[in-house]
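Below, chains carry the letters A, B, ... as their sequence lines are ordered, and counting in each starts from 1. None of the values given here were measured: they were computed from a predicted structure.
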2 protein chains.
Amino acid sequence: MTTSHTAPTLASVPPANRVATRPVRADGRRNYDALLQAARKAFAARGTSASLDEIASAAGVAIGTLYGHFPTRDALLEAATRDELAGLLALDVDAEPLTGLRTWVLHAVAFCSTYRGFVSTVAQGAHDEASLWREGCHAMETRGAELLAAAQRAGRVRREVTPVELFDLVGAAAWLRENAGPDHDGSTRLVDYVLDGISRP
Amino acid sequence: MTTSHTAPTLASVPPANRVATRPVRADGRRNYDALLQAARKAFAARGTSASLDEIASAAGVAIGTLYGHFPTRDALLEAATRDELAGLLALDVDAEPLTGLRTWVLHAVAFCSTYRGFVSTVAQGAHDEASLWREGCHAMETRGAELLAAAQRAGRVRREVTPVELFDLVGAAAWLRENAGPDHDGSTRLVDYVLDGISRP
DNA sequence: ACCTGAACACCGTTCAAGT
DNA sequence: ACCTGAACACCGTTCAAGT
């Protein structure tokens, strides 16, 4: 095998697994950005199942243009939440391990509930090999696992708790944030009860 | 006002709030039952957003017949889960308050995750006045509140915990049961961590 | 009282024709 | 390289005609 190791071309990636990239031509970039802005607005207002027709209209482009840039709804969602994920992964937390863990978990919960319905999509990414969020989920799990391990090393959290269980807590609390009553913050309460359950004085 | 207090007639209830009832005519009852059976199968296989066309076909009736018996998807879902809810409400639990509370919570979690997507519908019922699950949610909350209060009276659970928070735990754990990885029971773990967090020795 | 299925509406997705 | 919008498919929902 003397073939050089080339990056995957656009054509080699099936549409379902293709990540959206910002075009080079000026009109393409304008439309791409307008679509993203419209998508964020629509997802925020109607959840992740917002009408794609509506998004295209709001962005002032034809529906085919939307599909040209974002082959699937997930590709659009992923692009619309990419910055928030980067922010979460770069988050600096408190040096005290238990406080730091709590802060990070609450930020992860906020990220996963960016839009109504988003957390289910993200959770898929943890198990589905082909999901666009596989890498992102992996990175989140890794960061969470680090903070968990640090808290365990410091004797602040029970040794038996696993990274997967921490990830489960983030998902469950995010679902609560999306679905609980409007006038009461159940997700933070849930996180605190669990941290009480797994922490040591 | 001398008008007698009559029960609401069919016509007085808007379709969205109408609860399905078993018809009196023999052919109607046959179709009603066949639809329910097909619905349970379809919901179990594809979640609560299963195709209604498919359900009607599987039941061997026209789509109009389905709508005749069940004016909305929620009406069909409610009828398909009515027995399970009754079972939950009639559940006898252990006399030891904390054990009893745990058993009931796990059964409530199982009920709310009967079908993929079901828990979000149920959670709506807790806040939406018009939901078909309003009564059911209220009954669940009442039963949960009873068991919670008993555990608190016995000094086994922190006084500050509220019935709404218990209901939130049930919903969050049910979401996990619907969405977590297939080979790992994250929802029971979550319940146990929370019970650890709120219980007293 | 209940059943049927055509008709309509809505929305996601593709693709041939264009610049 | 990118845009357009008609065309198709799928599915939920209604309703006039029937038994």
*Could you tell me whether the phosphate oxygens of D/dC10, OP1 or OP2, come under 4.0 Å of any side-chain nitrogen or oxygen in B/Ser51?*
no
*asked:* Ignoring hydrogens and geometry beyond distance, is a side-chain donor-acceptor pair present between A/Thr81 and A/Asp83 at under 3.5 Å?
replied: no
*asked:* Aromatic contact between B/Phe70 and B/Tyr32, with the criterion being ring centroids under 6.0 Å apart: yes or no?
replied: yes
*With nearest nucleotides of DNA chain C determined for A/Glu54 and B/Gly68 from heavy-atom distances, which residue corresponds to the more 5′ nucleotide?*
B/Gly68
*From B/Leu91 CG over to B/Arg143 CZ, what is the distance, rounded to the nearest 0.5 angstrom?*
7.0 Å
*Verify the neighbour count for atom NE2 of A/His138: are there more than 12 heavy atoms of other residues, nucleotides or ligands below 6.0 Å?*
no
_Intra- and inter-strand pairs of DNA chain C in dot-bracket (Watson-Crick or G-U wobble, both distances under 3.5 Å; | for another strand)_ = ||.|||||...|||||.||
*Looking at D/dA1, C/dT14, C/dT4, which one has an atom nearest to any side-chain atom of A/Arg25?*
D/dA1
*Among D/dT4, D/dA6, D/dT14, find the nucleotide with the atom closest to the side chain of A/Ile63.*
D/dA6
*Between C/dG12, D/dC2, C/dG5, which nucleotide gets closest to the side-chain atoms of A/Asp53?*
C/dG12
*Nearest of D/dG12, C/dC3, D/dC3 to any side-chain atom of B/His69?*
C/dC3
_Side chain of B/Ala62 - closest among C/dC2, C/dT4, C/dT13_ = C/dT4
*When you measure from the side chain of B/Pro23, which nucleotide among D/dT4, D/dT13, C/dC2 comes out closest?*
C/dC2
*Nearest listed nucleotide, side chain of A/Asn31, among D/dC2, C/dT13, C/dC3*: D/dC2
